[in-house]
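Since the structure comes first, as structure tokens, the remarks are kept for the end.
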Amino acid sequence: MAITIKFFASLREQVGKSEVQIELSDSLTVGEVWAQVCDNSPLPIHILMAVNKEYSKQDTRVQDGDEVAFFPPVTGG
Amino acid sequence: MKVEIISKIFNPWEELQAYEKTLIAQGKYGAVATFVGTMRDYNEGDIVQAMFLEHYPGMTEKYLQTLSETALQRWDILDTLIIHRIGEIKPGETIVLVAAWAGHRAPAFESCRFLIDELKSRAPFWKQETLSEGVRWLDQCH
């Protein structure tokens, strides 16, 4: 299965990429997706996560075709 | 109900008036509560020259739509409006406009407060400030 992963703001600069596509043989959680694309580095403490443009948790399971996003605490308004 | 992400400078009072004229039934509301957020030229002891506001296209709009729907269900209000800037912003320019129309002031104030507080704590926007010595993101993962 294929999923798209996006990074935003300071996290995009830290990770060094804005978007990647990966092929998976098993269903992973959002936390496992992070480990896979970020060389098993630990998930940053205040990181926020989304699946298909809705907030998710680290243990949310990812399905084929999903868009997963990682971003820092928000600072709008 | 309207949610708009805008990349150009906007006048919040003109937007408010325009929305009110076209979409709200005159005579039906007795109160409109508004919040306007403006860019300061200082932050955390530094002079800020400009700001860049990034968002998550698709998710930010969706989040603000859901937030507006929640406010409309939770309070006895008639309508809501949210306009938020993205891109390059200069001091003195409007960053955000939030407004809520209601029959009475209490639900108008309360829902307007709810909308701006939730927007600030959960809507996917990120500010990067330009200082004389370079740029800095306002919040980072630790």
Side-chain angles (χ1 to χ4, degrees), chain A residues 2-22 29-77, chain B residues 3-6 12 35-40 43-44 48 51-67 82-87 89 94-98 112-129 134-142:
Chain A
I3 59 164
T4 302
I5 303 128
K6 293 184 172 184
F7 303 91
F8 290 92
S10 57
L11 194 66
R12 178 187 59 241
E13 293 178 359
Q14 245 170 276
V15 171
K17 44 197 160 200
S18 60
E19 185 174 328
V20 282
Q21 256 111 31
I22 56 168
T29 64
V30 171
E32 288 164 347
V33 168
W34 168 271
Q36 178 139 350
V37 292
C38 296
D39 303 323
N40 289 315
S41 65
L43 200 64
I45 295 168
H46 297 295
I47 196 170
L48 296 172
M49 293 153 265
V51 174
N52 298 330
K53 302 184 169 79
E54 301 245 356
Y55 277 109
S56 75
K57 294 193 169 132
Q58 202 177 326
D59 57 6
T60 303
R61 219 149 252 294
V62 175
Q63 314 290 328
D64 187 27
D66 279 355
E67 177 177 298
V68 179
F70 296 98
F71 45 85
V74 303
T75 54
Chain B
V3 166
E4 188 179 0
I5 307 292
I6 191 167
F35 174 84
V36 174
T38 305
M39 194 198 148
R40 292 184 308 261
N43 194 32
E44 296 172 4
V48 183
M51 183 185 269
F52 188 85
L53 248 158
E54 180 176 331
H55 79 308
Y56 181 175
M59 180 170 174
T60 309
E61 293 84 345
K62 194 172 170 182
Y63 181 82
L64 295 176
Q65 293 275 354
T66 307
L67 194 61
I82 300 177
I83 302 178
H84 200 294
R85 271 290 290 282
I86 52 165
I89 302 175
T94 299
I95 300 172
V96 61
L97 163 68
V98 174
C112 183
R113 175 78 191 247
F114 165 81
L115 288 171
I116 186 60
D117 285 353
E118 291 297 308
L119 181 156
K120 285 192 83 95
S121 61
R122 297 284 283 172
F125 289 106
W126 303 276
K127 287 174 181 153
Q128 187 185 56
E129 295 176 336
V135 296
R136 73 172 171 204
W137 289 101
L138 274 190
D139 216 335
Q140 299 188 23
C141 293
H142 300 291

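Protein chains get the first letters and strands the later ones, always in sequence-line order, with residue 1 at the start of each. The figures that follow rest on heavy atoms only: side chains count, while hydrogens, waters and symmetry mates do not.
- Only the side chain of Tyr63(B) comes within less than 4.5 Å of a heavy atom of chain A; its backbone N, CA, C and O stay farther away.
- Nearest heavy-atom pair across Lys53(A) and Lys62(B) is O-CD, 3.9 Å.
- Contact annotation for Thr60(B): neither backbone nor side-chain heavy atoms come within less than 4.5 Å of a heavy atom of chain A.
- Using a 4.5 Å cut-off between heavy atoms, Lys120(B) contacts chain A through both its backbone and its side chain.
- The nearest pair of heavy atoms linking Ala50(A) to Met59(B) is CB-SD, 3.6 Å.
- The aromatic rings of Tyr56(B) and Phe8(A) sit tilted relative to each other, their planes meeting at an angle between 30° and 60°.
- The parts of Glu54(A) that come within reach of chain B are both its backbone and its side chain, each placing non-hydrogen atoms under 4.5 angstrom from that chain.
- The minimum heavy-atom distance between Val74(A) and Pro124(B), with the atom names listed, is CG1-CA, 3.7 Å.
- Judged purely by atom type and a 3.5 angstrom limit, Trp126(B) uses its side chain to pair as donor or acceptor with the backbone of Pro72(A).
- For Arg113(B), the CZ atom counts as loosely surrounded, since its 6.0 Å shell holds 12 or fewer non-hydrogen atoms of other residues, nucleotides or ligands.
- Between Gln128(B) atom CD and Ser10(A) atom OG the span is 9.0 Å, to the nearest 0.5 Å.
- Contact annotation for Arg122(B): both backbone and side-chain heavy atoms come within less than 4.5 Å of a heavy atom of chain A.
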